[in-house]
Amino acid sequence: MLLKFLAREASKLLGRIASNNPLDLPQVERRHGSWHHADIEWMANQVRAVAGDFAEIGVFRGAAFRKVAALAAQQAKLAHAFDSFVGMDAPAAEDGTHYPKGKFDIGGPAQFVQLMTAAGVQPDLYRVWAGYVPVCFEQVPHALRFSLAIVDLDHYRPTAASLGWLAPRINDGGLLALDDFVPSHDALATKAIREFLAGDRRFEKIAFFNQQLILRKLPSATKS
Ligand SMILES: C[S@@+](CC[C@H](N)C(=O)[O-])C[C@H]1O[C@@H](n2cnc3c(N)ncnc32)[C@H](O)[C@@H]1O
């Protein structure tokens with residue numbers, strides 16, 4: 001019994017070492033297309049000492065954002081929710097037909113605030129930036145900086161635009177967490193993430209699980 005248990009634990013540990021993921025990543029059952037709260041908590045812990053707010057671009061009904069906002073508040077940071085709140089924009093050629101215009105429509109930003117309040121997240125913990133990417137970025141103060149940003153938009157163009165907008169706004173040591181990265185594909189968000197990785201030298205990969213790629217911004221002097 002004990003031997004079997006030890007063998008299982010040893011094999012899990014070897015698996016984690018082989019994956020190159022940090023050994024302290026939560027050991028949880030994950031579902032594609034959603035962020036496990038334990039992983040969000042793990043990311044928030046990585047940036048405790050990094051200044052800057054938290055952001056999620058593509059929040060849908062706030063299943064992840066409610067955790068993002070609570071964790072930001074624990075670090076005396078603000079959380080920022082970016083979304084059209086009326087679902088996907090029209091797909092581009094790189095997107096195929098899986099995410100048509102209007103998919104994930106929740107009926108507007110007021111509906112999002114209601115959902116958050118019902119989940120126990122008070123409006124003073126976060127800001128809502130409504131509109132399609134990149135228009136929703138236009139009103140954001142220039143000085144705003146982030147220590148943690150999650151991008152979860154599915155489509156190619158808004159993902160590419162979000163990465164371009166976020167990269168200079170993430171403080172050194174901050175994390176950029178990207179959903180829907182499927183290394184064997186070259187469409188949708190994956191295409192934008194590939195292009196970002198090919199052109200950017202300021203972010204290092206620190207973890208990859210559940211089609212979710214976690215990058216950390218390096219200090220300016222490390223690479224240029
Ligand atoms: C898969 S859902 C996000 C799920 C969410 N991150 C969660 O964990 O529950 C994708 C979201 O991105 C938003 N979205 C997609 N394309 C957008 C665009 N061009 N501009 C603004 N929001 C967009 C959709 O409205 C939708 O809410």
Side-chain angles (χ1 to χ4, degrees), residues 26 28-44 53-72 79-121 126-140 146 148-166 175-182 185 187-193 195-196 209-214:
V28 289
E29 289 284 327
R30 300 178 173 94
R31 248 184 338 109
H32 285 173
S34 69
W35 290 91
H36 198 293
H37 282 194
D39 290 327
I40 300 174
E41 197 161 345
W42 180 84
M43 294 191 286
D53 288 347
F54 289 2
E56 186 180 5
I57 306 183
V59 292
F60 189 34
R61 295 170 58 83
F65 189 75
R66 68 178 84 129
K67 187 68 177 174
V68 170
L71 291 166
H80 300 263
F82 295 86
D83 206 293
S84 69
F85 301 103
V86 291
M88 310 297 294
D89 201 351
E94 296 85 352
D95 297 319
T97 54
H98 194 63
Y99 298 96
K101 187 172 173 75
K103 184 167 180 167
F104 304 122
D105 181 0
I106 65 156
Q111 183 63 24
F112 180 76
V113 173
Q114 270 184 29
L115 286 165
M116 287 301 94
T117 303
V121 182
Y126 63 95
R127 295 282 178 278
V128 167
W129 303 96
Y132 288 119
V133 171
V135 175
C136 60
F137 299 145
E138 285 173 4
Q139 302 305 314
V140 177
F146 303 105
L148 170 62
I150 296 175
V151 180
D152 190 359
L153 292 162
D154 297 300
H155 275 171
Y156 166 70
R157 280 192 304 210
T159 302
S162 297
L163 291 173
W165 185 78
L166 278 171
L175 298 190
L176 185 49
L178 310 172
D179 199 11
D180 306 305
F181 182 60
V182 186
H185 292 186
L188 292 157
T190 296
K191 181 171 169 60
I193 296 167
E195 289 171 2
F196 177 73
F209 49 78
N210 196 31
Q211 301 183 344
Q212 291 163 335
L213 179 65
I214 317 301

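Order of listing sets the numbers, starting from 1, for every ligand and every atom in it. Nothing fancy with the numbering, it's 1 onward along the sequence.
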Phe82/Phe137 aromatic ring centres below 6.0 Å: yes
Distance-only side-chain donor-acceptor flag, Glu195 / Tyr156, under 3.5 Å: yes
Residues which pass salt bridge (charged side-chain N to carboxylate O under 4.0 Å, His left out) with Lys101, listed by chain and number, not counting sequence neighbours: Asp89
Nearest atoms (heavy-atom pairs only) where Leu71 meets Phe54: C-CE2, 3.9 Å
May I have every N or O pair linking ligand 1 to the protein at under 3.5 Å, one per line with atom names and distance?
unit_1	atom_1	unit_2	atom_2	d
ligand 1	6 (N)	Glu56	OE2	2.6
ligand 1	6 (N)	Gly58	O	2.8
ligand 1	6 (N)	Asp152	OD2	2.7
ligand 1	20 (N)	Val133	N	2.9
ligand 1	22 (N)	Ser84	N	3.2
ligand 1	25 (O)	Asp83	OD1	2.7
ligand 1	27 (O)	Phe60	N	3.1
ligand 1	27 (O)	Asp83	OD1	3.4
ligand 1	27 (O)	Asp83	OD2	2.7

Salt-bridge present (Glu94, Arg157; N to O < 4.0 Å): no
Arg30 to Phe209, cation-pi by 6.0 Å centre distance and 45° axis angle: yes
